[in-house]
Amino acid sequence: DIQMTQSPSSLSASVGDRVTITCQASQDISNYLNWYQQKPGKAPKVLIYDASNLETGVPLRFSGSGSGTDFTFTISSLQPEDIATYYCQQYENLPITFGQGTRLESK
Amino acid sequence: QVQLQESGPGLVKPSETLSLSCTVSGASISGYYWSWIRQPAGKELEWIGRIYTSGSTNYNPSLKSRVTMSVDTSKKQFSLKMSSVTAADTAVYYCARMRRGGQLEYWGQGTLVTVSS
């Protein structure tokens with residue numbers, strides 16, 4: 001299985017801050033990397049697909065980059081509604097695997 | 001609007017079989033991959049497997065020996081069976097529609113399954 005390692009596992013940020021989360025794959029996954037947002041008690045929601053493509057309806061403050069083994073997810077200006085846990089997910093090989101999550105908290 | 005709804009017992013005894021169904025509304029069930037994902041409380045997501053509407057399946061090797069998925073296109077439902085459950089299988093179970101690019105684009109609300117005697 002491909003292991004996905006996210007960092008940090010948690011972070012605190014203030015409204016308006018730029019937030020960056022990284023995800024590293026244990027082997028080359030090209031750009032087969034998706035990012036999800038999960039709020040407490042809710043199902044995850046896909047934000048970014050194929051490493052850098054914004055899902056329809058997702059605000060432009062969210063972005064993704066990277067290829068191969070190293071990926072970055074960025075919120076350019078944190079909003080209160082962005083407080084959630086974020087997961088990366090690879091689809092280069094089955095089984096699909098997720099990172100352990102990054103819990104974003106309000107400072 | 002595509003909606004998915006999980007259903008099934010919320011409590012299963014150890015060593016028994018967990019059975020869940022997912023009903024799709026708002027779109028055709030045909031022509032898509034349908035997945036099951038689970039999440040123990042406070043932990044990360046784990047992909048259980050997927051089924052195509054033809055009946056073709058892919059399972060997570062870590063669970064393959066205990067998992068069976070099926071689909072009933074006439075009822076717009078797909079199902080998960082997991083045998084010989086233990087407390088480690090206690091989790092919120094989600095069903096989801098998967099795009100060919102691997103994105104899990106539509107999810108059910110999730111259903112908590114507790115394994116306990």
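In what follows, every chain begins at residue 1, and chains take the letters A, B, ... in the order their sequences are listed.
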| task | Could you please state which residues from residues 95-117 of chain B sit under 4.5 angstrom from chain A, measuring non-hydrogen atom to non-hydrogen atom, sorted by number, or 'none'? | result |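 When heavy atoms of chain A are the reference, residues 95-117 of chain B contributes Met98(B), Arg99(B), Arg100(B), Gly101(B), Gly102(B), Gln103(B), Leu104(B), Glu105(B), Trp107(B), Gly108(B) within the under-4.5 Å range.
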| Residue-level interface, residues 67-85 of chain B with chain A, non-hydrogen cut-off under 4.5 Å |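 Residues qualifying by a heavy atom under 4.5 Å from chain A are absent, so none.
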Side chains of [X] and [Y] in contact at under 4.5 Å (non-hydrogen atoms):
X        : Y        : answer
Tyr87(A) : Glu44(B) : yes
Trp47(B) : Thr97(A) : no
Arg50(B) : Ile96(A) : no

[X], part contacting chain B, at a heavy-atom distance under 4.5 Å:
X         : answer
Gln38(A)  : side chain
Pro44(A)  : both
Gln100(A) : both
Asp50(A)  : both
Glu55(A)  : side chain

| request: Tell me, yes or no, whether the heavy-atom count around Tyr32(A) atom OH, taken from other residues, nucleotides or ligands under 6.0 Å, exceeds 12. | output: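 12 or below, so no.
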| Heavy atoms of other groups near Arg66(B) CZ, more than 12 under 6.0 Å | yes
| query | How is the hydrophobic cluster of Leu11(B) composed, in terms of its other members, when Ile, Leu, Val, Met, Phe, Trp and Tyr link through side-chain heavy atoms under 4.5 Å apart, directly or indirectly? | reply | none
Out of curiosity, does [Y] fall in the hydrophobic cluster containing [X] (side-chain heavy atoms, cut-off under 4.5 Å, transitive links)?
X        : Y        : answer
Phe71(A) : Leu11(A) : yes
Leu94(A) : Ile29(A) : no
Ile21(A) : Phe98(A) : no
Val46(A) : Leu33(A) : no
Tyr33(B) : Tyr36(A) : yes

| request: Measure Asn58(B) against the heavy atoms of chain A and call it side chain, backbone, both or neither at under 4.5 Å. | output: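 For Asn58(B), side-chain heavy atoms alone lie under 4.5 Å from chain A.
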| Tyr91(A): partners by ring pair (Phe, Tyr, Trp, His ring centres under 6.0 Å), with sequence neighbours left out |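 Listed in chain order: nothing, the list is empty.
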